[in-house]
A.B. asks: 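Below is a structure I'd like to ask you about.
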Amino acid sequence: MEQLFTERVMQSPDGKYRWARSVNLLTNMSIFLHLMKVLTLVALGVLLGVLFIMLTSGGLTLIRAVAGFFIALSVAWGVGLLSYIIYCYIRGGSFMSYYTMDENGISELFAPHRKEDIENIGITPGLAGFTPVRATNHKTDTTVRFEQVRSLKYRQALGHIKLSMGLEALRVYVPEEDFAFVSNFLAEHCPRVRG
């Protein structure tokens with residue numbers, strides 16, 4: 001059966017909701033902010049390691065510990081910023097996510113945004129350029145069953161809803177016009193999330 005994706009959340013004849021979302025990596029900073037949060041935690045881990053070593057060796061001073069933390073944080077953020085710039089360049093500044101949602105869960109197909117990359121992985125662009133788009137199975141497909149979801153975080157300013165399943169998480173990018181619908185649908189269908 002053909003899968004039809006549009007820019008807006010639409011219900012297909014099979015009862016599933018489908019939509020495609022283009023994410024500009026330069027204007028939507030959610031991935032960059034997540035990267036910086038992780039690198040800050042890494043720098044904090046380095047600080048704790050340095051503190052432990054200095055405590056056991058007797059050479060601890062507060063100034064040295066704070067200076068070490070800020071040096072580690074600066075290096076981590078510098079590497080993170082450089083890595084994000086390279087990632088944006090490789091991705092062409094954006095990526096596409098194709099979503100399929102039903103009563104049981106949600107699936108995301110993550111795809112490059114450039115036409116030649118899309119054709120290489122088996123997605124055929126529609127006649128209108130962006131919509132409609134037909135998608136086939138792909139290795140970057142992620143499926144989350146709603147009973148696995150432990151928390152929902154709504155980030156309307158960044159255009160996504162974060163579904164957390166313990167150590168894993170999925171960001172669902174949603175058009176602004178459909179944000180309330182998808183938020184309510186997820187809240188109603190995720191039994192482990194406390195409202």
Side-chain angles (χ1 to χ4, degrees), residues 20-99 105-114 117-118 120-121 138-146 148-176 179 182-183 186 190 192-194:
R21 190 75 176 136
S22 175
V23 178
N24 185 326
L25 293 168
L26 302 175
T27 58
N28 187 320
M29 300 302 287
S30 61
I31 294 174
F32 178 73
L33 294 173
H34 180 72
L35 175 66
M36 290 298 120
K37 182 171 59 173
V38 168
L39 292 174
T40 301
L41 292 174
V42 168
L44 190 57
V46 169
L47 171 67
L48 293 175
V50 168
L51 284 174
F52 178 76
I53 291 169
M54 291 179 139
L55 277 173
T56 57
S57 68
L60 176 65
T61 65
L62 183 60
I63 293 174
R64 291 172 90 189
V66 171
F69 171 71
F70 283 111
I71 290 170
L73 185 62
S74 299
V75 169
W77 280 2
V79 169
L81 180 61
L82 181 62
S83 300
Y84 189 75
I85 291 169
I86 292 169
Y87 178 74
C88 288
Y89 177 75
I90 290 170
R91 286 278 174 205
S94 63
F95 65 89
M96 292 291 298
S97 286
Y98 300 91
Y99 297 97
I106 187 165
S107 296
E108 176 191 35
L109 173 69
F110 179 80
H113 198 43
R114 295 182 303 198
D117 293 338
I118 291 171
N120 287 338
I121 63 169
H138 188 258
K139 292 179 182 175
T140 58
D141 188 20
T142 303
T143 301
V144 175
R145 301 193 54 78
F146 289 142
Q148 298 172 310
V149 178
R150 293 183 180 172
S151 71
L152 296 169
K153 293 184 182 173
Y154 306 100
R155 308 264 196 241
Q156 191 163 5
L158 294 173
H160 74 266
I161 302 167
K162 183 177 175 183
L163 287 73
S164 296
M165 299 83 55
L167 296 177
E168 295 181 64
L170 173 68
R171 282 186 181 83
V172 177
Y173 292 92
V174 183
E176 186 177 337
F179 200 89
V182 174
S183 297
L186 292 172
C190 296
R192 296 177 72 186
V193 175
R194 294 178 202 57

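Keep in mind it's a predicted model, so treat the numbers as computed, not measured.
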A.B. asks: Name all residues meeting the side-chain hydrogen bond (donor to acceptor under 3.5 Å, both in side chains) criterion together with Ser183; count only those two or more places apart in sequence or in a different chain, and write none if there are none.
C.D. replies: none
A.B. asks: Sequence neighbours excluded, which residues qualify as ring pair (Phe, Tyr, Trp, His ring centres under 6.0 Å) partners of Tyr84?
C.D. replies: Phe32
A.B. asks: Just so I know, are the side chains of Arg192 and Val149 near enough to count as touching, which here means a heavy-atom distance under 4.5 Å?
C.D. replies: no
A.B. asks: How would you list, by chain and number, every residue that makes a side chain to side chain contact (heavy atoms under 4.5 Å, CB included) with Ile86, sequence neighbours excluded?
C.D. replies: Leu82, Ile90
A.B. asks: To the closest 0.5 Å, what do you measure between CG (Leu170) and NE2 (His160)?
C.D. replies: 10.0 Å
A.B. asks: When you measure from the side chain of Gln148 to the backbone of Arg145, do you find a donor-acceptor pair of N or O atoms at a distance under 3.5 Å?
C.D. replies: yes
A.B. asks: Using the test side chain to side chain contact (heavy atoms under 4.5 Å, CB included), find all partners of Ser164 that sit at least two apart in sequence or belong to another chain.
C.D. replies: Ser151, Lys162, Ala169
A.B. asks: Answer yes or no: is there a side-chain heavy-atom contact under 4.5 Å between Leu186 and Phe146?
C.D. replies: yes
A.B. asks: List the atom of Thr143, the atom of Ser107, and the distance in Å for their closest heavy-atom pair.
C.D. replies: OG1-OG, 3.0 Å
A.B. asks: Does any pair with a residue in residues 44-53 pass side chain to side chain donor-acceptor pair (under 3.5 Å), and if so which ones, sequence neighbours excluded?
C.D. replies: none
A.B. asks: If you compare all heavy atoms of Ala20 against all heavy atoms of Met96, which two are closest, and at what distance to 0.1 Å?
C.D. replies: CB-CE, 4.0 Å
A.B. asks: Go through the structure and list residues passing side-chain hydrogen bond (donor to acceptor under 3.5 Å, both in side chains) with Ser74, not counting sequence neighbours.
C.D. replies: none
A.B. asks: What is the distance from atom CG of Leu25 to atom OH of Tyr87, rounded to the nearest 0.5 Å?
C.D. replies: 5.5 Å
A.B. asks: Might you point out which heavy atoms bring Leu39 and Gly80 nearest each other, and give the distance in Å?
C.D. replies: CD1-CA, 3.3 Å
A.B. asks: Does the side chain of Val182 come within less than 4.5 Å of Tyr99's, by heavy atoms?
C.D. replies: no
A.B. asks: Who are the salt bridge (Lys or Arg N to Asp or Glu O under 4.0 Å) partners of Arg150, not counting sequence neighbours?
C.D. replies: none
A.B. asks: Run the side chain to side chain contact (heavy atoms under 4.5 Å, CB included) test against Leu41 and tell me which residues pass, sequence neighbours left out.
C.D. replies: none
A.B. asks: side-chain hydrogen bond (donor to acceptor under 3.5 Å, both in side chains) with Ser30: which residues, sequence neighbours excluded?
C.D. replies: Asn28, Tyr173
A.B. asks: Rounded to the nearest 0.5 Å, what's the gap from CG on Leu109 to OG1 on Thr142? Could you check?
C.D. replies: 9.0 Å
A.B. asks: For Ser83, check side-chain hydrogen bond (donor to acceptor under 3.5 Å, both in side chains) against everything at least two apart and list the hits.
C.D. replies: none
A.B. asks: Is there side-chain contact between Phe95 and Ile31, with heavy atoms separated by less than 4.5 Å?
C.D. replies: yes
A.B. asks: Just wondering, do Ile161 and Val174 contact through their side chains at under 4.5 Å, heavy atoms?
C.D. replies: yes
A.B. asks: Would you mind reporting whether Val172 and Leu163 have side-chain heavy atoms less than 4.5 Å apart?
C.D. replies: yes
A.B. asks: With sequence neighbours excluded, what pairs up with Ala43 under the side chain to side chain contact (heavy atoms under 4.5 Å, CB included) test?
C.D. replies: Phe69, Ala72, Leu73
A.B. asks: Would you tabulate the side-chain donor-acceptor contacts of residues 46-54 under 3.5 Å, counting partners in other chains and residues two or more places apart, or write 'none'?
C.D. replies:
none

A.B. asks: Testing the basics here: between Cys88 and Leu26, what is the closest heavy-atom pair and its distance to 0.1 Å?
C.D. replies: SG-CD2, 3.9 Å
A.B. asks: For a side-chain contact (heavy atoms from CB on, under 4.5 Å) check, start with the C-alpha distance between Ser94 and Val23, then their side-chain angles and the critical distance, and finish with the verdict.
C.D. replies: CA-CA 5 Å; Ser94 63; Val23 178; 6.0 Å; no
A.B. asks: Tell me, do Arg171 and Glu108 make a side-chain contact under 4.5 Å, heavy atoms counted?
C.D. replies: no
